[in-house]
Amino acid sequence: CLALCVLVAIVAQVSYHRRSTEITEVFQQHSQRVSRLLQSHTTHTLLGVDDALRQLKYAYEKEGARLNIHRMIDEFASIKPFITAASITNDKGDVILSTTNFRPGTNIGARSHFLAHINQDHGGVAVGIPIVIQSSGESDFQTTRRINGPDGRFDGVVSIGVGILRWEQLVKFSDFEEANALALVGTDGITRVLMTDQSSPAKPADPGWAQSIAKVGPEGPDQILRDASGDTWVAHHLKHFPLVVAIRINSALLETRLAETRKRHLWGALSVMLLLIVSTAIIARQAAHQRREFKRSLELEREHWQSGESFRLVFEQAPLGMTLRTVGQRDQPALRVNQQFCDFLGYTSSELLSVAPSVFNLPEDELLAAEMDRRIMAGEVTSYSREKLYRRKDGTTRWGLLTATVLNSRDGKPAQTLTIVQDINHRKLSEEAIRESEERLRIMADQTAEGLALYDKQGRLVFFNNAYRKMLALPDITLGMPFEQ
């Protein structure tokens, strides 16, 4: 009996160790999944903001102070809920145009998002530190792009404020469960967004935690970090932006689950030992009962993990079109679509959930999608992004920016693809109009009798018409040829 009691104690210890490992893995996998979803959501939101920055910049360079900045911001319907303000300043930091109550001529030249562009043109978007908007009391951080003059010198900054409270709404309607905090940290070590559930402290105890998260590289798998208080963070670097999104695992809830598991194993072992003294037959029967209960508990935990309530809420409330489908089943409908995707194509959700993707995809896109599925199943890619035309229910076509991310099963194999679609039809139509305008200009230049040519400031030929070639009597004249030649 004593030998059997020792054996029971050893089995209980091993069983607890295995069970605690499984619970910890479930917490970490859930946090990784939420982290990837928030990474995709944040990246596509900021890509939309950057697209708005580019269009504001080009429109201002074309129209100047006559630009209707309010009308342009209203056109970016998919990202407008995240925009707090938009403004354009000159090279001295004086506000020229703004959607807020800034008086023209108000100077913001001392702010970080303006100073980031003065000394160098890095060609990218800059992300400023959080500031409080005096008119509303809301916090935001500025995303900016540099405006260059005709001579290439610094001529001002176009900026769009991204509201922090918009991310708080995402957290408010999401059930964090195994993850209880969301942080958006710049690679400069400055926190842009930090939100937690009501049961968690506002900030980690470790003052250097943001610098640790800021060091997360742009490539590679999920990166796991631990701060001074022992909390674990799952971090992802945002592609194209100097930002890192991090999810903190709910250590308090994890410890509660582990304590409950320890308690169950302890009392189970004591009960078995007591029953061993009374009767070997009762011991055997109790052990079998314990195994059945353990198996049932494990199945319930797996069902909870698969239910993904937090994932569902974020999926349904996302401002971009989203679909979830099984990898490799191109002839089957999607598993789930959100309302934004339905509105984008003009279908109801029940219609989209009953038809294959070939209904709204063009034939050439179906071939490309099938090839990407093959590469995903072979493990060659984990995500991809491309622009494509969609066929709407009314027969018209619409441009969208598609980004697909692979979701793996528990055994690490590709199981599903999460697809995010951003409406870029307005941008594509604008680009086509610009190309047509340039073509008309080229035809007009070729038809005029005067010789026309354009040289850059290094004296290289960048444009000429047929009349200019004939006047110089140089049949072999080419672009890039120096003026002296």
Side-chain angles (χ1 to χ4, degrees), residues 42-118 121 123-149 154-169 184 186 192-193 240-243 319-320 401 422-427 430-431:
T42 304
T43 299
H44 282 81
T45 299
L46 292 179
L47 283 174
V49 172
D50 189 29
D51 183 61
L53 282 171
R54 293 173 185 270
Q55 295 195 44
L56 277 175
K57 173 184 175 181
Y58 297 150
Y60 174 73
E61 291 174 347
K62 180 179 179 181
E63 300 181 25
R66 300 188 308 275
L67 174 66
N68 189 335
I69 193 170
H70 292 276
R71 179 182 57 78
M72 285 206 67
I73 291 299
D74 289 338
E75 294 176 359
F76 305 114
S78 63
I79 61 168
K80 187 179 179 182
F82 291 87
I83 297 177
T84 59
S87 64
I88 298 175
T89 60
N90 62 17
D91 60 339
K92 300 297 189 299
D94 297 326
V95 177
I96 300 173
L97 297 172
S98 176
T99 60
T100 63
N101 58 359
F102 270 127
R103 293 193 305 269
T106 300
N107 190 278
I108 60 170
R111 296 186 179 179
S112 62
H113 62 271
F114 178 85
L115 298 174
H117 296 285
I118 293 180
D121 183 9
V125 61
V127 180
I129 63 175
I131 59 175
V132 177
I133 305 172
Q134 294 182 356
S135 60
S136 64
E138 180 180 354
S139 296
D140 72 354
F141 57 88
Q142 297 290 321
T143 56
T144 59
R145 276 191 172 272
R146 169 174 167 144
I147 299 175
N148 290 327
F154 176 65
D155 198 31
V157 169
V158 57
S159 64
I160 291 180
V162 180
I164 293 177
L165 285 178
R166 308 303 191 265
W167 266 272
E168 291 179 345
Q169 292 298 317
L184 190 63
R192 268 60 178 187
V193 180
H240 306 302
F241 297 96
L243 295 169
L320 303 176
L401 175 61
Q422 178 185 352
D423 187 353
I424 59 170
N425 198 61
H426 178 76
R427 191 195 77 192
S430 298
E431 292 174 351

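If you're wondering where the values come from, they're calculated on a predicted model, not measured in any experiment.
Here the closest non-hydrogen pair linking Thr144 and Ser159 is CG2-CB, 3.3 Å. Scanning both residues, Leu53 and Val158, for their nearest heavy atoms gives CD2-O, 3.5 Å. Closest approach of Asn425 and Asp423 over heavy atoms only: N-OD1, 3.0 Å. Of all heavy-atom pairs between Thr143 and Val49, the closest is OG1-CG1, 3.2 Å. Contact between Met72 and Ala59 at its shortest, heavy atoms only, is SD-CB, 3.5 Å.
A donor-acceptor pair under 3.5 Å links the side-chain atoms of Thr99 to the main chain of Ala86, judged by distance alone. No donor-acceptor pair closer than 3.5 Å links the side chain of Lys80 to the backbone N or O of Glu75.
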- Task: For Asp155 and Asn148, run side chain to side chain contact (heavy atoms under 4.5 Å, CB included): C-alpha distance rounded to whole Å, both residues' side-chain angles, the deciding distance at 0.1 Å, then the answer.
- Result: CA-CA 5 Å; Asp155 198 31; Asn148 290 327; 5.7 Å; no

- Could you walk me through whether Ile160 and Leu56 pass side chain to side chain contact (heavy atoms under 4.5 Å, CB included), step by step? CA-CA 10 Å; Ile160 291 180; Leu56 277 175; 4.0 Å; yes

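If you take CD1 on Ile73 and CD on Gln55, they are separated by 10.0 Å, rounding to the nearest 0.5 Å. To the nearest 0.5 Å, atoms CZ (Arg145) and CD1 (Ile88) are separated by 14.0 Å. The distance from the NE2 atom of His70 to the OG atom of Ser98 is 7.0 Å, given to the nearest 0.5 Å.
Looking at heavy atoms from C-beta onward, Asp51 lies out of side-chain contact with Ile424 at the 4.5 angstrom threshold. Side-chain atoms of Leu243 and Leu46, non-hydrogen and from C-beta on, do get closer than 4.5 Å to each other.
By the side-chain contact (heavy atoms from CB on, under 4.5 Å) test, Asn90 pairs with Lys92, Asp94, Ile96, sequence neighbours left out.
Sorted by first then second residue, the side chain to side chain donor-acceptor pair (under 3.5 Å) pairs that include residues 59-68, not counting sequence neighbours, number zero.
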